[in-house]
Amino acid sequence: MSKLAQLAERAPELRVPARLGALDDIARYVLALAGRARLDGNTAYRLRLAVDEITTNVVMHGYRGGPGEIVLRGGCDADRVWVRIEDGAPPFDPRDGRLDPAPDVPIEQRRVGGLGVHLALISVDEFSYAYLDGRNISMLAVRTGPGPSTVGESGRL
Amino acid sequence: MTLALSERRTKAATVVALTGEISSATSGELLERLMPLVRAGKTIKIDLSSVGYISSAGLRTLLVVYRESQHSGATVTLSGVGEELRFVMSVTGFMDFFETDEPARSEQRRRVAT
């Protein structure tokens, strides 16, 4: 396997309709990617959670329940596992909906909307968003850190 | 991804044991099942030891349950909150509001407060 191939190992893309019913397919995709990358349970959970929250947001607030498509791509680099979420909804930066929990406000008075985005952003090590060519693109990644190779059988570069 | 719910009564409480995942797909039905117990003012112990995943949709359900319990006088406690669920609940401040049968980690409480 060439060095380039090791660096840029990718999973096939996943295209699903922008419906809540498709979130299970998205979860399976991320968990399969995490398994292939040999992520530990906690890191796999955080990546899955973040992708779940962001794609739920796309369905509910991006497309506003209307028809649409979500495209996922994922892969493993030498020291991280990433998932790219793309949709054709109107421009929507997930971070705009972020609501940090307010510790001083009693739980019964808190707004709950925005917690998902907060969870997503706190769960991953890297997050970026761009609106390019009419597409919303969110990029999420968790670092795999030092330790055993997560790239493939031929080991770390 | 599914969620199964089993209910048993002990002298002290109604124990609701959940198995599966609490996501946007399953949280609605969970709320429907819990609300009658909460409205009846029961002492409810929700056993999460066989729950492998919870998202903000599940937190929303717990929040609604908590609010209703404040009105009805029900007591709701959580048990079997594993490491990953604890992460989700602590970074959103939920651990501070539900009593659990395990001691909360002070380090995570501090992270919530900052």
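Proteins come first, then strands; the chains are lettered A, B, ... in the order of their sequence lines, and each starts at number 1. In this text, all values refer to a predicted model and were calculated from it rather than measured experimentally.
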Identify the two heavy atoms, one from B:Val91 and one from A:His118, that lie closest to each other, and give their separation to 0.1 Å.
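Heavy atoms of B:Val91 and A:His118 come nearest at O-NE2, 3.1 Å.
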Write down the atom of B:Ile54, the atom of A:Leu49, and the distance for their closest heavy-atom approach.
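Between these two residues, the closest heavy atoms are O-CD1, 3.7 Å.
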Check: [Y] and [X] side chains under 4.5 Å, non-hydrogen atoms:
{"X": "A:Arg46", "Y": "B:Phe87", "result": "yes"}
{"X": "A:Leu115", "Y": "B:Phe94", "result": "yes"}
{"X": "A:Leu119", "Y": "B:Leu59", "result": "yes"}

Transitive ILVMFWY cluster of A:Ile137, excluding itself - 4.5 Å side-chain cut-off:
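The other cluster members (ILVMFWY side chains, heavy atoms under 4.5 Å, direct or chained) are A:Leu132.
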Side-chain heavy atoms nearer than 4.5 Å, only ILVMFWY residues, links allowed to pass through others: does that put [X] and [Y] together?
{"X": "A:Val83", "Y": "A:Leu31", "answer": "no"}
{"X": "A:Tyr129", "Y": "A:Val71", "answer": "no"}
{"X": "A:Ile26", "Y": "A:Phe92", "answer": "no"}
{"X": "A:Tyr131", "Y": "A:Phe127", "answer": "yes"}

Are there residues of residues 6-18 of chain B whose heavy atoms fall under 4.5 Å of chain A's heavy atoms? If so, which?
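Listed by number, there are no contacting residues, so the answer is none.
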Where along residues 30-42 of chain B does a heavy atom come under 4.5 Å of chain A, listed by residue number?
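Near chain A, by residue number: none.
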Above 12 or not: heavy atoms from other molecules or residues under 6.0 Å from [atom1] of [X]?
{"X": "A:Met139", "atom1": "CE", "result": "yes"}
{"X": "A:Arg19", "atom1": "CZ", "result": "no"}
{"X": "B:Glu29", "atom1": "CD", "result": "no"}
{"X": "A:Arg135", "atom1": "CZ", "result": "yes"}

Main-chain N/O of B:Ser56 paired to A:Glu53 side chain as donor or acceptor, under 3.5 Å
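Answer holds: yes.
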Please list all pairs meeting salt bridge (Lys or Arg N to Asp or Glu O under 4.0 Å) that have one or both residues in residues 12-28 of chain B, counting only residues at least two apart or in different chains.
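Found A:Arg48-B:Glu21.
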Does any heavy atom of chain A fall under 4.5 Å from the side chain of B:Ser24, the backbone, both, or neither of them?
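Contact with chain A: side chain only.
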To the nearest 0.5 Å, tell me how far A:Asn42 CG sits from B:Glu84 CD.
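Answer for the CG-CD pair, A:Asn42 versus B:Glu84, is 5.0 Å.
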